[in-house]
Number of protein chains: 2
Amino acid sequence: MSARIKDVAERAGVSVTSVSRVLNGEKYISQHILDKVNQAIKELNYSPSQIARSLKKQKTDTIGVIVPDLTNYFCSTILSSIEESASEYGYNLIVCNIAENLDKELKYLHTVQEMRVDGIIIMHQKVDERILSFIESASMPILFSCVRSPLPGRYSVLINDYRAALDATEYLIGLGHRRIAFLGGDLEDITSGHSRYQGYLDALNKSGIPLNPDFIRFGNYKQESGRLMMQEILEQGEGERPTVVFAASDDMAVGAMNCILDFGLRVPEDISVMGFDDSLIASAVRPILTTMHQPARELGRTSLEYLHNLIEDRGQPECRDIYLPHRIMERASCRRI
Amino acid sequence: MSARIKDVAERAGVSVTSVSRVLNGEKYISQHILDKVNQAIKELNYSPSQIARSLKKQKTDTIGVIVPDLTNYFCSTILSSIEESASEYGYNLIVCNIAENLDKELKYLHTVQEMRVDGIIIMHQKVDERILSFIESASMPILFSCVRSPLPGRYSVLINDYRAALDATEYLIGLGHRRIAFLGGDLEDITSGHSRYQGYLDALNKSGIPLNPDFIRFGNYKQESGRLMMQEILEQGEGERPTVVFAASDDMAVGAMNCILDFGLRVPEDISVMGFDDSLIASAVRPILTTMHQPARELGRTSLEYLHNLIEDRGQPECRDIYLPHRIMERASCRRI
DNA sequence: ATGAAAGCGCTAACAG
DNA sequence: CTGTTAGCGCTTTCAT
């Protein structure tokens with residue numbers, strides 16, 4: 001593998017330029033040279049160095065993706081769909097799993113910058129000063145996927161979390177529920193956390209349903225967190241139980257549902273459960289989960305395509321935020337009362 | 001970001017060598033120079049180019065990971081644990097999601113080779129001639145994770161799939177089951193597919209239980225596949241039903257379980273279900289799944305550390321295959337009969 | 001302790 | 001249609 005372009009050129013008895021031309025599929029090369037070069041490449045088992053090429057071309061065809069948590073179904077679906085499109089467009093992905101750790105995120109941001117990626121996709125919302133200032137001074141395009149940009153004037157691809165939560169809550173109200181518990185994400189997380197909570201609040205408000213603080217909890221989007229919050233709610237006393245639980249993620253909804261089931265109660269007969277995301281786990285559990293659908297594959301694909309346009313610099317795009325449609329998946333975990 | 005090391009040097013009034021030394025934390029630099037250089041770096045918002053550095057050093061601190069399917073819980077857990085260790089050791093990851101597509105795998109293999117990654121981890125078993133020949137002639141270390149190397153003399157980190165399947169089947173036999181259905185993976189997949197099937201066969205054989213071909217099906221490890229296979233088995237007629245189903249993955253087990261449940265049967269009262277992997281989904285469903293535990297995080301960490309040793313070339317390792325221990329997770333989906 | 005200069009492997013003018 | 005050559009941005013001898 002230590003063969004360089006020069007070795008190929010010598011072996012084929014041509015100039016390095018000709019080899020380079022063959023490598024890059026340019027025209028204006030005689031069949032004769034083409035054959036000899038290909039022959040030499042094969043004989044030497046030559047593999048061109050993307051490093052050297054990147055240095056020269058000042059382009060790496062690589063994109064950095066900052067993922068909050070790889071083991072999260074929703075994240076990995078988005079990532080997989082980003083990967084699929086990236087592959088089509090000829091980009092490679094540097095995956096940065098920050099495991100909800102801001103120090104790690106900052107470190108990775110610098111790393112991908114040093115690797116001179118052509119662009120960055122961030123799927124994480126919670127940021128601090130250092131990250132904000134990095135984003136402000138970064139020279140490559142940065143796109144936020146599934147979360148809203150923390151900085152005005154940046155780009156993002158996501159659903160309208162506020163509307164989605166509002167729609168979901170109104171759907172539950174329409175089913176006759178008035179004692180609606182809410183299992184939220186992190187409030188510092190402006191998109192999923194705050195917006196979804198606000199949607200819940202406003203829906204209740206519009207219907208004149210008074211807020212019950214005992215029915216509101218905040219977790220970290222994971223299953224275990226949903227289970228814990230549900231347990232607290234259930235242990236508050238039987239008279240005070242909600243008739244439905246709306247969780248800001250499917251994982252938390254499943255955790256809550258299992259907690260209810262493990263308490264010996266039934267879903268949805270005793271308590272209904274509604275999730276958010278429509279990730280694979282929503283269809284894997286029984287009763288199959290009623291949830292708010294996020295178009296994961298479209299979000300991933302659109303993110304990549306948008307970033308690609310930014311990289312190619314096709315002028316300033318008209319809209320900086322692209323909202324994709326959400327919809328309710330009516331399934332078996334919510335009943336009319 | 002277009003500042004180069006030369007700009008920093010000029011700004012600081014020193015040579016590029018000195019800047020390079022500061023960048024690489026070498027000693028033998030005066031405090032005076034160090035201060036001036038750091039100052040200049042800050043003023044210019046300078047970020048060193050990993051590209052140029054890699055070209056010079058002939059090392060990228062990057063590892064390519066070939067993943068069969070990102071949306072698979074088990075895979076993403078392994079990947080996340082590889083990432084965690086990689087981050088500790090200072091490696092970055094190029095993630096290649098091949099979506100079970102051999103052409104894509106080959107393409108990615110060439111890509112990471114051209115990117116001059118320091119090593120490759122492959123989590124996929126099914127290969128063809130072209131891939132085999134790539135592996136044979138590759139100059140960087142290649143490690144197989146969670147699958148056995150298709151080539152003798154290569155390196156792998158995994159559990160003993162044969163023993164695990166044998167142990168699992170014997171456990172079910174010990175519970176009193178004799179009508180044991182098997183939902184396998186792809187037989188071409190030597191590790192998970194073939195070895196697990198062989199373990200099942202041998203366990204039955206050792207106990208003198210005759211084989212029932214109607215109880216054996218092969219799928220693709222995914223949930224939907226498990227559901228379909230189970231449906232076929234269930235529709236064969238009531239008298240012929242198995243008392244337990246052993247699936248070669250948790251996803252298939254969950255698919256099978258849901259099929260059973262959707263048929264109006266109970267798990268484990270009517271039919272028991274056993275999975276394989278102990279991925280997150282095993283604990284997310286009800287009844288909580290009895291399954292064969294694979295130490296996912298240890299597998300990921302060990303893989304990375306092993307590859308790191310190979311990259312650093314600490315002589316030939318004694319063993320080329322590292323087997324990690326498996327164990328049965330007795331939970332609620334299998335009953336004694 | 002500091003600097004000058006020679007590449008790392010490739011592409012892209014430019015010249016022929 | 002083909003070849004010569006000057007960098008891309010950095011590290012690293014080798015001097016000083």
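Proteins get letters first, then strands, A, B, ... in listed order; numbering begins at 1 in each.
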Check the distance between [N]'s [atom2] and [X]'s [atom1] and give it to me in whole angstrom.
| X | N | atom1 | atom2 | result |
| --- | --- | --- | --- | --- |
| A:Arg53 | C:dT11 | CZ | C1' | 9 Å |
| A:Ile5 | C:dG7 | CD1 | P | 19 Å |
| A:Gln58 | C:dT11 | CD | C1' | 11 Å |
| A:Glu26 | C:dC10 | CD | P | 15 Å |
| B:Lys56 | C:dA5 | NZ | P | 15 Å |
| A:Lys57 | C:dA13 | NZ | P | 11 Å |
| A:Lys6 | C:dG7 | NZ | P | 10 Å |
| B:Lys36 | C:dT2 | NZ | C1' | 12 Å |

Remember a base hit wins even if backbone is also touched, and classify B:Ser20 as base, sugar-phosphate or nothing at under 4.0 Å, heavy atoms.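 Base: the residue B:Ser20, judged by heavy atoms under 4.0 Å, touches a nucleobase.
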Contact class for A:Thr17 vs. all strands (heavy atom < 4.0 Å): base, sugar-phosphate, or nothing?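 The residue A:Thr17 makes base contact.
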Sequence neighbours left out, what passes salt bridge (charged side-chain N to carboxylate O under 4.0 Å, His left out) with B:Arg148? Give chain and number order.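 By the salt bridge (charged side-chain N to carboxylate O under 4.0 Å, His left out) rule, B:Arg148 matches no residue at all.
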Sequence neighbours left out, what passes salt bridge (charged side-chain N to carboxylate O under 4.0 Å, His left out) with A:Arg11? Give chain and number order.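 Here the qualifying residues are A:Glu43.
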Give me the atom names and distance for the closest heavy-atom approach of A:Met140 to A:Val117.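 Taking every non-hydrogen atom into account, CE-O, 3.5 Å.
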Cationic N near anionic O, under 4.0 Å, A:Lys126 to A:Glu100: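 Looking at A:Glu100 together with A:Lys126, the answer is no, because their closest N to O distance does not fall below 4.0 Å.
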Charged N-O contact under 4.0 Å between B:Glu136 and B:Arg154: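 Salt bridge between B:Glu136 and B:Arg154, a charged N being under 4.0 Å from a carboxylate O: no.
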Rounded to 10 degrees, the angle between the two terminal axes of the helix from C:dA1-D:dT16 to C:dG16-D:dC1, each from five pairs: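 Comparing the first five pairs with the last five, the axes sit 40° apart.
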Counting heavy atoms not belonging to [X], are there more than 12 under 6.0 Å from its [atom1]?
| X | atom1 | result |
| --- | --- | --- |
| A:Glu129 | CD | no |
| B:Lys59 | NZ | yes |
| B:Lys107 | NZ | yes |

On DNA chain D, reading 5' to 3', which nucleotide is the first and which the last to sit with an atom under 4.0 Å from a heavy atom of chain A, could you check?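 Listing 5' to 3', DNA chain D meets chain A from D:dC1 to D:dG9.
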Is the A:Tyr89 ring parallel, tilted or perpendicular to the A:His308 ring (thresholds 30°, 60°)?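 A:Tyr89 and A:His308: tilted rings.
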Sequence neighbours excluded, which residues qualify as ring pair (Phe, Tyr, Trp, His ring centres under 6.0 Å) partners of B:Tyr323?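 With neighbours one apart ignored, the set is empty.
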List every contact pair, protein side and nucleotides 14-16 of chain C side both N or O, where the distance is under 3.5 Å.
none

Just to confirm, is there a sub-4.0 Å distance from OP1 or OP2 of C:dG9 to any side-chain nitrogen or oxygen of A:Ser49?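 No, because none of the side-chain N or O atoms of A:Ser49 sits under 4.0 Å from OP1 or OP2 of C:dG9.
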So, A:Ser81 side chain and A:Arg301 main chain: donor-acceptor pair closer than 3.5 Å or not?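 It does hold such a pair.
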Want to settle it: does B:Ile33 or B:Leu55 sit nearer the 5' end of DNA chain C, counting the closest nucleotide to each?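 That would be B:Ile33.
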Looking at the rings of B:Tyr155 and B:Phe144, which for Trp means the six-membered one, are their centres under 6.0 Å apart?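 No - the distance between ring centres of B:Tyr155 and B:Phe144 does not fall below the 6.0 Å cut-off.
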